[in-house]
There are 2 protein chains.
Amino acid sequence: MKRITIKDLSKFLSLSTSTISRALLHDKNVNEETRKRILDAAEKLGYKPNLTALNLQSGQSKTIGFVVPEMITPFSAKVLKGIQNILYPLGYRIIITQSDEDSCIERKNLQLLEEFNVDAIIINLCHETYNNDIYQHIMKQGTPLIFFDRIPHESLDVSKVIVNDYIKASLMVEYLIKTGRKRIVHMMGPATIRNAMERVNGYKRILMKYNIFDENLIVQADGMTFEHGKKAIKQLISKNIEFDSIFAFSDTLALGAMNYLHEQKIRIPDDVAVASFSGTELSSMVFPQLTSVQQPLEKMGEIAAELALEKIKNNSSPSKCIMMDAELIYRAST
Amino acid sequence: MKRITIKDLSKFLSLSTSTISRALLHDKNVNEETRKRILDAAEKLGYKPNLTALNLQSGQSKTIGFVVPEMITPFSAKVLKGIQNILYPLGYRIIITQSDEDSCIERKNLQLLEEFNVDAIIINLCHETYNNDIYQHIMKQGTPLIFFDRIPHESLDVSKVIVNDYIKASLMVEYLIKTGRKRIVHMMGPATIRNAMERVNGYKRILMKYNIFDENLIVQADGMTFEHGKKAIKQLISKNIEFDSIFAFSDTLALGAMNYLHEQKIRIPDDVAVASFSGTELSSMVFPQLTSVQQPLEKMGEIAAELALEKIKNNSSPSKCIMMDAELIYRAST
DNA sequence: GTGAAAGCGCTAACAC
DNA sequence: GTGTTAGCGCTTTCAC
């Protein structure tokens, strides 16, 4: 089923390919009559432009790389949706790679995207710093890098999309306090993730403000999975440290913790309230439904895509850091 | 940061572009000495082949479309992983589109993929039949269509990857009976999905075999979301129909049901056991962890990708229907 | 207002 | 064993 090309049209209409091209591009230098004939013929014969040829010509690959740490929660999928909203209508393809929270895989993914000659890369880091050399290498090649959610340290001059982790964590913790909780555990994410530090700092600030800070209430998950969350809370309990609530770095960690609490017949929220930070459907698919900081993920994807487009148009355009607002959603777990 | 091309190499080495090309392609018609010089230079200057040029040349887009009904559960992401395993190393891009369980969106997505001129499409249907015309249209264009999980009726001559829904549903239901359950509810998926019919038939067969079939125990969810599952079980309960277990069409529906049971303080599995059909991490992230039919999703993705490659190589190669084995995983919910 | 021709980066058929 | 050339589908000078 050979595709109709501009050449076919040119033969069919006994016109040069350039005229056809012009008509198709709405160039004014085409007789109205001719234009119509061409458009009709194109329609009738089912002409579709060959994107590959256009890309070769323009020197772009019209492909954007999207690098995410995981796709087990709907987090990345929602951001992806936003990116697609913006980029698909513009004819961009999106190549997705999953890093499985592993910096080595992330590294390989970035190399893969380099092979693919992507026009830009939108990325949510695994762990900060480990791959800094590659980020810089890629940028030096002239490929714009846009970060969202988990971003690297200031050192890199890149555009970013984030929420105010520090403030939102503070607000969530303060909310827990207002509902009468005093022994609030923070299940912290890996310290190599900048957001983990922001959130723990927000947490600390509030607990100190209310004079109820206790170092022992911070538990560090060794990783980002459900099992890590479960294990962390198990250890805490085995140490006989009392607590009446948990503020977790992510939905996944929170779910792990909740699962263990359930197993131990600890009631949520009666005995222990649970809150998290994320904003995916996951929070409302468990029991009890989870109170959490809801990030505007789809919107974040859209913004990230727009930042990418800006940089594609002009790579030396100034980098922006867009701070999005996030909403606290109160559900049954608190 | 202009990319190094074969022409640059040719100038740099004072050789023709064809010799360079040959060396790079490991063509034997190149002097060993020359070959080495070329490869060294390519390495040193950081030569990367321009995939767009290759694609234009070969007439392929080296792009595969992937159409899925949703990405809220990790289901599609796992299949995607399998597809990526096979296709990324071969230089294929994968374009993902999400249909949100809506046939209209699926339709638009398929049209989008047509614009992108993909070499093949791997698809998990929303609802059967509604878009049959488009499937046929696409195939007539010469674009291979590979179905997995939810497949269309026999009428289409396409390759497919599935599990034996009928048998596995039977086994799961039989397992529930063996654990002493007698009033087993089946929460059925939309009848427009072939698998829903297969699974309900498997369910029926076993209940009839044990002489405990009761029409009232089949509830039909109006859709595929968590809320649909919740609503369906709520209605059942409001009708005062007694039951001691649920076999749900999908994880998502099962979770909705579980949520409602929890709300009503109905104990799982003590009062009501719950089992589902799927095979994602979701089943082990809830409480109690969910017994389910675990499909080898990543493997299914790999097979689907291979089937796609077969068809790309030779579109008239015979269509295959690969039936994968699925495992019953017994967890705390039963 | 239209056509001829060059060129994007690469491969392959054809010379030599 | 190497070079020349054409061509993949398209846009875009440059002529006329």
Side-chain angles (χ1 to χ4, degrees), chain A residues 1-39 41-42 45-63 91 114-119 141-142 312, chain B residues 1-39 41-42 45-63 91 114-119 141-142 312:
Chain A
M1 218 51 49
K2 236 189 106 291
R3 266 169 89 102
I4 299 293
T5 73
I6 250 182
K7 230 183 197 161
D8 297 322
L9 288 178
S10 116
K11 244 178 266 165
F12 182 71
L13 296 168
S14 307
L15 283 166
S16 75
T17 57
S18 21
T19 304
I20 311 281
S21 172
R22 275 192 280 261
L24 260 19
L25 294 177
H26 303 293
D27 186 310
K28 53 230 99 225
N29 283 331
V30 180
N31 183 301
E32 184 54 30
E33 199 71 0
T34 325
R35 210 181 69 90
K36 213 162 174 176
R37 271 180 60 220
I38 294 176
L39 263 37
L45 300 185
Y47 169 78
K48 293 251 167 62
N50 182 326
L51 298 183
T52 310
L54 290 180
N55 294 344
L56 177 59
Q57 162 104 350
S58 70
Q60 300 201 328
S61 66
K62 282 279 196 170
T63 304
E114 234 189 317
E115 301 285 326
F116 274 122
N117 194 15
V118 294
D119 295 334
Q141 302 297 308
I312 289 175
Chain B
M1 214 53 50
K2 239 191 102 288
R3 268 171 87 106
I4 299 294
T5 71
I6 253 182
K7 229 181 198 167
D8 297 322
L9 288 178
S10 114
K11 245 179 267 168
F12 182 73
L13 296 168
S14 308
L15 282 166
S16 76
T17 57
S18 26
T19 306
I20 312 279
S21 172
R22 275 193 279 261
L24 261 18
L25 294 177
H26 304 292
D27 185 310
K28 51 231 99 221
N29 283 334
V30 180
N31 183 301
E32 183 56 29
E33 199 71 2
T34 325
R35 209 181 70 90
K36 214 166 177 173
R37 272 180 59 221
I38 294 176
L39 263 36
L45 300 187
Y47 169 78
K48 292 252 167 62
N50 181 326
L51 298 183
T52 310
L54 290 179
N55 294 344
L56 178 60
Q57 161 101 354
S58 69
Q60 300 202 327
S61 67
K62 281 277 195 176
T63 304
E114 234 189 315
E115 300 286 324
F116 274 123
N117 194 13
V118 294
D119 295 335
Q141 302 297 307
I312 289 174

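In this structure B/E115 satisfies the side-chain contact (heavy atoms from CB on, under 4.5 Å) test together with A/K48, sequence neighbours excluded. Applying the side chain to side chain donor-acceptor pair (under 3.5 Å) criterion to B/E114, with sequence neighbours excluded, gives B/H137. For A/D8, the side-chain contact (heavy atoms from CB on, under 4.5 Å) partners are A/K2, A/I4, A/T5, not counting sequence neighbours. Not counting sequence neighbours, the partners of B/N117 by the side-chain contact (heavy atoms from CB on, under 4.5 Å) test are A/R3.
Atom CG in A/L13 sits about 14 Å away from atom C1' in C/dT2, given to the nearest Å. As rounded to whole Å, 9 Å separates atom C1' of C/dC8 from atom CG of B/L56. Remark: C1' of C/dC8 and CG of B/L51 are 15 Å apart, rounded to the nearest angstrom. Look at NZ on B/K36: it is 17 Å from P on D/dG1, rounded to the nearest Å. Here D/dG7 presents its C1' atom at 16 Å from CG of B/N55, a figure rounded to the nearest Å.
Each end of the helix from C/dG1-D/dC16 to C/dC16-D/dG1 gets its own rotation axis from five pairs of C1' atoms, and the angle between them is 50° to the nearest 10 degrees.
Nearest heavy atoms, A/Y47 versus A/I6: CE1-N, 3.7 Å. Nearest heavy atoms, B/Q60 versus A/T52: O-OG1, 4.4 Å.
Annotation: the span from B/Q57 atom CD to A/L56 atom CG amounts to 10.5 Å, rounded to 0.5 Å. Between the CZ atom in B/F116 and the OG1 atom in B/T63 there is a gap of 8.5 Å [rounded to 0.5 Å].
Contact of the B/K62 side chain with the B/L54 side chain is not registered, since no non-hydrogen atoms from C-beta on lie closer than 4.5 Å. Using a 4.5 Å heavy-atom cutoff, the side chains of B/S61 and B/N55 are not in contact.
Contacts between residues 27-34 of chain A and DNA chain C, defined by a heavy-atom separation below 4.0 Å, involve A/N29, A/V30, A/N31, A/T34, listed by number.
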Let me have the donor-acceptor pairs involving side chains of residues 12-27 of chain A, under 3.5 Å, with sequence neighbours excluded, atom names and distances please.
unit_1, atom_1, unit_2, atom_2, d
A/S16, OG, A/S18, N, 3.4
A/S16, OG, A/S18, OG, 3.0
A/S16, OG, A/T19, N, 3.3
A/S16, OG, A/T19, OG1, 3.1
A/H26, ND1, A/R35, NH1, 3.4
A/D27, OD1, A/N29, N, 2.7

Return the polar atom pairs (N/O with N/O) between nucleotides 10-13 of chain C and the protein under 3.5 Å, or none.
unit_1, atom_1, unit_2, atom_2, d
C/dC10, OP1, B/Y47, OH, 2.6
C/dC10, OP1, B/N50, N, 3.3
C/dC10, OP2, B/I6, N, 2.6
C/dC10, O2, B/Q57, OE1, 3.2
C/dT11, OP2, B/S21, OG, 2.7
C/dT11, O4', B/Q57, NE2, 2.7

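OP1 or OP2 of D/dG3 lies within a sub-4.0 Å distance of a side-chain N or O belonging to B/T19.
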